[in-house]
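See structure below.
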There are 2 protein chains.
Amino acid sequence: MDVKGILLSHLRDTIDLNTEEESIVLDSYTERHLKKKEVLLFAGEISNHMRFIAKGSLRAYHMDEEAKEHIVQFGIEGWWVNDLYSYLTETPAKQFVQAIEPTIVLQIHRDTLNKLYEKVPAIERFYRLKFEKAYVALQDRTINSMSKSAEERYLEFRSKYRSIEQRVPQYMVASYLGITPEFLSALRKKIK
Amino acid sequence: MDVKGILLSHLRDTIDLNTEEESIVLDSYTERHLKKKEVLLFAGEISNHMRFIAKGSLRAYHMDEEAKEHIVQFGIEGWWVNDLYSYLTETPAKQFVQAIEPTIVLQIHRDTLNKLYEKVPAIERFYRLKFEKAYVALQDRTINSMSKSAEERYLEFRSKYRSIEQRVPQYMVASYLGITPEFLSALRKKIK
DNA sequence: GGTTAATCTTAAGGTGTATTAAGAAAGGGT
DNA sequence: ACCCTTTCTTAATACACCTTAAGATTAACC
């Protein structure tokens with residue numbers, strides 16, 4: 001399946017589109033090819049696009065004052081990854097978005113998307129649901145990190161995102177969990 | 001100013017309403033009076049209302065498997081407090097919402113609000129902005145709790161929410177910060 | 001105003017996780 | 001195939017934060 005076909009079948013999981021709408025929608029996205037480690041969004045920039053991963057994987061991370069990275073979100077094929085904060089408020093992003101592997105992204109500019117909402121109302125519904133889901137995921141993550149130990153968080157991560165764990169380096173999983181790679185290594189040894 | 005007047009002037013900070021719209025809008029909200037410690041939303045229930053604090057203060061908290069409470073959000077006059085997750089997805093709430101002091105809330109049911117969106121479009125804009133802001137606040141909080149020490153988080157809390165710190169018990173501030181009351185007490189002693 | 005309950009503090013000892021440093025293993029490029 | 005870089009592990013030491021227990025304040029109630 002070609003790249004836009006992947007997006008189309010993803011949209012069809014949630015909404016119905018007729019043939020005319022399909023072509024209007026797909027024409028609104030542009031394809032971007034990223035090398036491993038290539039940065040798609042820099043902190044400080046305004047995020048002007050919604051971004052869909054057709055192939056590969058991304059990470060969104062925050063960099064603190066001591067230049068330490070904290071991974072906020074992973075994404076693989078079929079996921080949307082962005083600094084939603086920046087996109088919604090048109091303020092400078094606090095996160096970087098970077099390719100973990102060679103990655104193909106389909107992205108749509110805010111202005112294009114706003115026009116598309118009027119031409120194809122089902123798309124507005126699609127994104128409204130995405131925004132809700134993003135909120136829900138973030139709330140889960142916040143509650144989780146407040147009330148669970150690193151070991152519990154790791155076990156949950158493993159059962160929920162096994163496919164991600166197998167594809168990204170362990171030190172990134174540690175960063176996502178909010179612990180050091182050394183401690184994750186010790187945890188893994190203990191659990192096994 | 002009466003209770004509904006407080007809500008009206010709050011709405012006017014963001015949107016314009018003509019006289020007819022004002023009365024349609026205000027008639028859509030119902031007033032609820034809460035005693036100290038009275039619970040407005042129980043975990044497990046579906047949150048069906050958007051809730052505005054006209055007077056008093058609320059807290060939203062999550063209870064973990066060991067029955068320990070973790071405060072997710074405080075609210076005082078002029079704030080909206082809810083389990084947005086539950087409201088948006090119509091799934092059981094993961095948080096409790098409880099009055100810290102005697103409190104007056106104005107609330108609107110989801111069905112009423114959905115109809116109101118059509119009658120008074122400015123209201124849709126108002127809530128869209130609220131939802132965005134809620135997301136932003138949650139993202140800040142998540143990043144913050146991942147990358148800062150308890151001392152840093154406390155100092156930030158103090159400068160950002162001094163009015164709240166003065167009104168709620170210290171052990172609740174500790175819960176919000178994700179630390180024990182004993183450790184917060186030690187921190188305060190050290191800082192002073 | 002006295003009693004009880006709620007909240008805050010202190011202190012000792014314990015646990016979870018970080019830091020540092022080093023080496024081992026795996027992966028990528030030419 | 002080899003070298004160089006990236007990733008993962010081990011182990012010793014250190015620190016942030018927790019637990020438990022007790023006492024000191026402050027607030028709430030009859």
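Lettering follows sequence order; numbering is per chain, from 1.
- Rounding to whole angstrom units, NZ of residue B:Lys36 and P of C:dA5 are separated by 15 Å.
- Annotation: cation-pi geometry not satisfied between B:Arg128 and B:Phe131 (NZ/CZ under 6.0 angstrom from ring centroid, within 45° of ring axis).
- Remark: B:Ser23 pairs with no residue by the side chain to side chain contact (heavy atoms under 4.5 Å, CB included) rule, at least two apart or across chains.
- For residues 167-178 of chain B, every residue pair satisfying the salt bridge (charged side-chain N to carboxylate O under 4.0 Å, His left out) rule, not counting sequence neighbours, is listed here: B:Glu77-B:Arg167, B:Glu101-B:Arg167.
- Residues passing the ring-ring contact (aromatic ring centres under 6.0 Å, His included) test with A:Tyr176 are A:Phe74, A:Phe157, sequence neighbours excluded.
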Validation: residues 112-120 of chain B side-chain donor-acceptor distances under 3.5 Å, sequence neighbours left out:
residue: B:Asn114; atom: ND2; partner: B:Arg110; partner atom: O; Å: 3.4

Check against side-chain hydrogen bond (donor to acceptor under 3.5 Å, both in side chains), B:Gln170 and B:Arg188: CA-CA 10 Å; B:Gln170 233 130 82; B:Arg188 285 165 56 83; 3.1 Å; yes
Dot-bracket pairing map - DNA chain C, Watson-Crick plus G-U, both contacts under 3.5 Å, | cross-strand: |||||||.||||||||||||||||||||.|
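- Scored by the side chain to side chain contact (heavy atoms under 4.5 Å, CB included) test, B:Arg12 finds B:Leu8, B:Glu22 as partners (sequence neighbours excluded).
- Of the residues in residues 154-178 of chain B, those lying under 4.0 Å from DNA chain C by heavy-atom distance are B:Pro169, B:Gln170, B:Tyr171.
- Between the side chains of B:Asn82 and B:Ser47, at least one donor-acceptor pair of N or O atoms lies under 3.5 Å.
- Looking at A:Glu151 and A:Ile191, their side chains come closer than 4.5 Å, going by heavy atoms from C-beta outward.
- Of the N and O atoms on the side chains of B:His33 and B:Glu31, at least one donor lies less than 3.5 Å from an acceptor on the other residue.
- Shown here are the ring-ring contact (aromatic ring centres under 6.0 Å, His included) partners of B:Phe42, two or more places apart in sequence or in another chain: there are none.
- For DNA chain D, the residues of residues 180-187 of chain A within the heavy-atom distance limit of 4.0 Å (strictly under) are A:Glu182, A:Ser185, sorted by number.
- For B:Lys190 and C:dT9, the NZ to C1' distance is 17 Å, given to the nearest whole Å.
- No side-chain donor from either of A:Gln73 and A:Gln95 sits under 3.5 Å from a side-chain acceptor of the other.
- Rounded to whole Å, the distance from CE on B:Met146 to P on C:dT17 is 14 Å.
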Could you give the side-chain donor-acceptor pairs of residues 179-187 of chain B under 3.5 Å, partners two or more places apart or in another chain?
residue: B:Thr180; atom: OG1; partner: B:Phe183; partner atom: N; Å: 3.2

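- Checked by atom type, the side-chain pair B:Trp79/B:His10 shows no donor-acceptor distance below 3.5 Å.
- Taking the ring centroids of B:Trp80 and B:Tyr127, they lie under the 6.0 Å cut-off.
- Nucleotides of DNA chain D with any atom under 4.0 Å from a heavy atom of chain B span, from 5' to 3', D:dC17 to D:dA28.
- For residues 61-73 of chain A, proximity to DNA chain D is found at no residue, defined as any non-hydrogen atom under 4.0 angstrom from a strand atom.
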